[in-house]
Q: 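Encoded as structure tokens, here's the structure I'll be asking about.
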Amino acid sequence: MTTLNRSRETSKRAAVARESALSVKWARRREVAQEVFRNPLTVLGLIIIGLFFLMALAAPLLTEANTPDPYQSPRDWSNISVPPGEAGHVLGTDATGGDVLYGIIWGSRLSLQLSLTVVGFTLVFGTIVGSIAAMRGGRLDNLLMRVVDVFLSIPELIFALAIAAVLGPSFRNIILALAAVFWVKYARIVRGEIIRIKQAEYVAAAKVTGDSTWNIYRKDVLPNAVSPLVVQATLDMGNVVLIGATLSFIGLAQAGLTEWGAMVSAGQSGLLAGEWWLSTFAGLAIVLWALAFNLVGDGLRDVLDPKTEGR
Amino acid sequence: MTLLSGSLAADFGGTTDAVVALHGVKVHYPVKEGVLQRVTGQVRAVDGVDLSGPRGQTLGLVGESGCGKTTLGRVIAGLVAPTGGDIWVDVDATQHSEIERLRGVATEDRSPEDQASWKSLESNHRLGSMSRDKQSRYRRNCQVVFQDAFSSLNPRQLVRDIVGRPLRVHKEASGEDLDRRVIELLERVGLDSQHLLRFPHQFSGGQRQRISIARALALNPEFVILDEPTSALDVSVQAQILNLLVDLQKDLGLTYLFITHDLGVVQHMSDRIAVMYLGQIAEYGPTADVFNSPLHPYSRILRDSNPTLEDSLDTVKWDLSGTVPNPVNPPQGCRLHPRCPVARAECGWSIDDVLTDAERNTPVVFETISRVERKSDFRATVSFSEPEQAKKFAKRIGSLAAHEALEQPIRLDDKLVEVSFNEVSEAQLQQLKDGRWSSCTRTQNLGALPEL
């Protein structure tokens with residue numbers, strides 16, 4: 001009788017426990033988030049990123065989209081190279097009468113496209129390559145890592161430049177070039193992390209339970225390898241736009257595109273004539289974008305992955 | 001003294017049933033060098049171990065760090081594949097004597113009945129040849145509690161998922177049933193339902209080790225490998241965990257393999273102990289006997305290294321000299337002899353010993369060695385760049401215990417020193433008395449541990 005009561009008691013407690021399992025996991029995540037928010041620089045970075053995201057999303061509301069191609073500034077041929085604040089152009093116009101503010105706003109959409117596509121692809125692809133190398137080991141690992149070494153031996157910018165130049169000048173090719181270059185870092189990080197984690201006793205313990213390799217990878221290995229990836233991906237959201245801007249600065253994007261790097265490039269001929277606004281505002285946008293993601297990336301690193309500080 | 005025959009694997013510790021019996025188990029890791037990853041040597045982590053785990057008892061496995069005890073534990077748990085030898089599972093004394101008999105007969109000399117009998121033994125009891133089904137039953141039956149309570153629990157999983165994982169993997173329970181089983185397991189190890197939904201980092205070292213134990217017990221195993229389960233814990237917590245383990249063994253009839261470097265702990269826990277040194281078993285016997293009258297200098301040294309309250313200032317303590325030799329190239333004869341306080345001529349001196357001694361103790365002499373021409377491990381001509389140093393080298397050998405083992409006097413010829421030792425074969429573990437095994441050559445010859 002008592003054992004029956006006892007077992008009923010236990011299952012009641014078990015039911016309560018199951019309901020709150022999810023909330024415990026969320027509580028843990030909230031703790032991490034709170035720690036991230038404690039750093040004022042990270043919060044500043046997050047605010048800037050938030051504003052850029054809003055700007056990109058609301059671009060058609062903030063300005064009237066140019067037709068047929070919204071990524072070309074509308075031309076105001078009567079007001080060429082007007083300084084900021086004049087003739088209804090808040091940030092002035094460029095040498096062909098294109099509105100600078102319009103360019104910045106629609107440029108943020110291009111930056112978002114560029115960074116999300118490149119980081120998204122490279123993160124997934126690099127993780128797959130790194131995971132295969134580390135889980136399989138042996139010759140395959142050796143082969144894959146030599147390929148990675150070849151990629152790493154060439155500076156990112158030069159390599160991306162070469163690929164984009166071969167593919168021909170267009171924004172899409174810049175994305176392709178950057179994607180081809182950036183995945184190696186993730187492969188390296190993931191491989192290193194997995195090799196470290198495979199030595200941990202909790203992986204041996206999981207093997208003793210008889211679980212499959214795939215489950216061990218999914219439950220034990222990957223979740224513990226994620227932190228440095230999140231940090232690197234955040235930093236790369238900034239880096240990708242920086243290098244992308246460099247490529248379009250030297251003319252690897254279509255002419256007249258509202259890409260920030262292309263705008264800096266277009267504005268430089270006017271700099272000597274005192275037309276400072278185009279290059280300055282576009283350059284400022286690039287700097288703010290890269291800075292914001294670096295601030296957040298550093299903040300995340302302090303919380304998620306303190307041991308790699310200053311890498 | 002007459003020696004009893006057979007291997008240590010046949011010693012079932014007074015029982016007639018072993019959960020596991022090892023025959024000449026080896027784990028050698030290749031040492032690779034250069035770009036081409038050429039194999040230049042083998043690290044002999046475990047080098048030919050015979051051992052049995054008697055059912056219902058605790059077998060202690062002791063030795064210093066790096067002697068291969070953890071690797072041996074991992075081999076038995078199936079985490080590391082042995083590079084040599086056989087592991088037999090769930091064999092009784094009759095089956096085992098059959099295995100021993102058949103091992104003595106070369107495969108081509110076996111009669112058809114013998115072949116059939118070997119085949120049936122292999123497919124039912126040998127790890128690696130057993131059916132998948134039997135293999136997985138053994139794996140379920142053999143669980144491990146790891147050394148480091150901080151790294152043996154996945155930091156991203158809740159206690160419920162950690163302890164319930166074996167049940168989930170083997171589809172024994174899910175949902176509410178799983179939670180209930182996990183709570184029962186937690187209560188069994190002195191935790192309770194309020195700990196179900198916590199992360200490992202929210203626990204103390206002792207509690208984490210309790211979680212580890214609960215996980216190991218989830219599938220009702222018969223055999224648990226305890227790999228230094230208390231070495232990372234405070235002394236006060238150690239006692240609690242050890243008592244818990246003793247209670248669990250009593251209640252559940254568990255068989256333990258207790259791996260540790262702590263003799264105090266092993267004395268408290270084990271029925272029998274195996275002392276390991278450099279990948280091999282040095283001594284094996286009932287715990288009290290090994291403690292009170294060790295039959296291997298190494299066991300004596302381990303025991304003496306543990307200070308006790310009964311020690312007086314004039315108690316003679318045996319001590320090791322030097323450091324652990326390189327397991328890629330273990331010493332000839334008895335593996336302990338270069339560090340052994342009672343080593344004599346028969347212990348297996350070789351060229352490597354005198355060279356290692358020169359490198360450690362007379363570096364100036366060692367630096368002037370220009371060439372070593374080996375005829376064997378025991379014979380070589382060593383050339384020096386200066387006759388002065390050659391003389392010193394010869395003199396040094398004369399002052400070592402090794403000089404007793406010289407086959408002929410050292411020949412000194414200007415810059416050349418010719419050294420030749422008596423050849424000695426590898427020391428073998430042998431039964432000296434009933435249930436007492438030692439691999440010490442001198443003890444085997446004298447019938448007792450030599451005097452200091």
Side-chain angles (χ1 to χ4, degrees), chain A residues 3-4 6-29 31-32 137-139 141-143 145-146 149 196-227 304, chain B residues 37 74 77-80 135-137 139-140 142-170 175-184 187 192-202 212 215-216 218-219 221 225 227:
Chain A
T3 43
L4 193 70
R6 198 175 136 69
S7 106
R8 198 173 292 152
E9 181 72 5
T10 323
S11 52
K12 212 195 305 174
R13 268 179 288 155
V16 175
R18 220 150 16 89
E19 266 170 37
S20 47
L22 262 179
S23 66
V24 171
K25 289 201 167 169
W26 277 108
R28 172 93 186 107
R29 275 164 210 163
E31 268 171 46
V32 172
R139 279 186 186 192
D141 179 27
N142 233 325
L143 182 79
M145 284 307 112
R146 295 300 79 76
D149 284 346
R196 179 180 66 79
I197 292 163
K198 273 170 82 179
Q199 305 298 318
E201 280 186 340
Y202 57 78
V203 172
K207 281 187 197 158
V208 172
T209 68
D211 218 344
S212 64
T213 310
W214 168 247
N215 272 339
I216 291 173
Y217 172 74
R218 194 169 59 87
K219 289 183 184 170
D220 300 293
V221 175
L222 199 57
N224 287 294
V226 152
S227 299
L304 294 177
Chain B
Q37 297 284 288
R74 292 191 168 210
L79 286 168
V80 173
Q135 206 120 322
S136 93
R137 200 178 317 148
R139 294 260 188 280
R140 284 191 55 160
C142 167
Q143 293 293 321
V144 187
V145 174
F146 289 93
Q147 173 176 9
D148 186 354
F150 283 88
S151 90
S152 66
L153 307 175
N154 183 346
R156 308 228 168 211
Q157 281 188 328
L158 294 171
V159 168
R160 184 194 60 181
D161 299 325
I162 292 171
V163 176
R165 184 156 182 190
L167 296 170
R168 214 175 258 164
V169 169
H170 291 272
E176 197 182 322
D177 189 35
L178 182 89
D179 286 359
R180 212 181 54 240
R181 295 271 297 266
V182 172
I183 291 172
E184 279 167 15
E187 284 169 352
D192 59 55
S193 60
Q194 61 159 344
H195 299 111
L196 195 61
L197 296 176
R198 294 209 189 147
F199 285 101
H201 68 90
Q202 293 166 299
S212 248
R215 169 175 60 191
L219 294 167
I225 297 170
D227 185 1

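The figures here come from the full heavy-atom set of this structure, side chains too, leaving out hydrogens, waters and symmetry mates. Quick caveat: nothing in here was measured; it's all calculated off a predicted structure.
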Q: Could you check A:V24 against B:R198 for side chain to side chain contact (heavy atoms under 4.5 Å, CB included), going step by step and ending with a plain yes or no?
A: CA-CA 8 Å; A:V24 171; B:R198 294 209 189 147; over 6 Å; no

Q: Closest approach of A:V208 and B:F146, non-hydrogen atoms and distance?
A: CG2-CZ, 4.2 Å

Q: Side chain, backbone, both or neither: which part of B:R140 has a heavy atom under 4.5 Å from chain A?
A: neither

Q: Verify, without hydrogens or angle tests, whether B:D148 (side chain) and A:E201 (backbone) share a donor-acceptor contact under 3.5 angstrom.
A: no

Q: Examine whether an atom of B:F150 lies under 4.5 Å from a heavy atom of chain A, and if so say whether it belongs to the side chain, the backbone or both; otherwise answer neither.
A: neither

Q: Quick one: OG1 on A:T209 to CD1 on B:I162, what's the gap to the nearest 0.5 Å?
A: 11.5 Å

Q: Tell me which of these, A:A200, A:A204, A:A27, has more heavy-atom pairs under 4.5 Å with chain B than the rest.
A: A:A204

Q: Using non-hydrogen atoms and a 4.5 Å limit, figure out which bit of B:L79 sits close to chain A: side chain, backbone, both or neither.
A: side chain

Q: Begin from the C-alpha positions of A:D211 and B:R168 and carry the test side chain to side chain contact (heavy atoms under 4.5 Å, CB included) through to its verdict.
A: CA-CA 9 Å; A:D211 218 344; B:R168 214 175 258 164; over 6 Å; no

Q: Highest number of heavy-atom pairs under 4.5 Å with chain A: which of B:V145, B:V169, B:L153?
A: B:V169

Q: Any side-chain heavy atom of A:D220 within less than 4.5 Å of one from B:R165?
A: yes

Q: Could you look at B:D161 and say if it's the side chain, the backbone, both or neither that has a heavy atom under 4.5 Å from chain A?
A: side chain

Q: State, to 0.1 Å, how close B:S152 and A:A205 come at their nearest heavy-atom pair, and which atoms those are.
A: O-CB, 4.0 Å

Q: How many angstroms lie between OH in A:Y202 and CZ in B:R156, if you round to the nearest 0.5 Å?
A: 8.5 Å

Q: How long is the span from the NZ atom in A:K207 to the CZ atom in B:R74, to the nearest 0.5 Å?
A: 8.5 Å

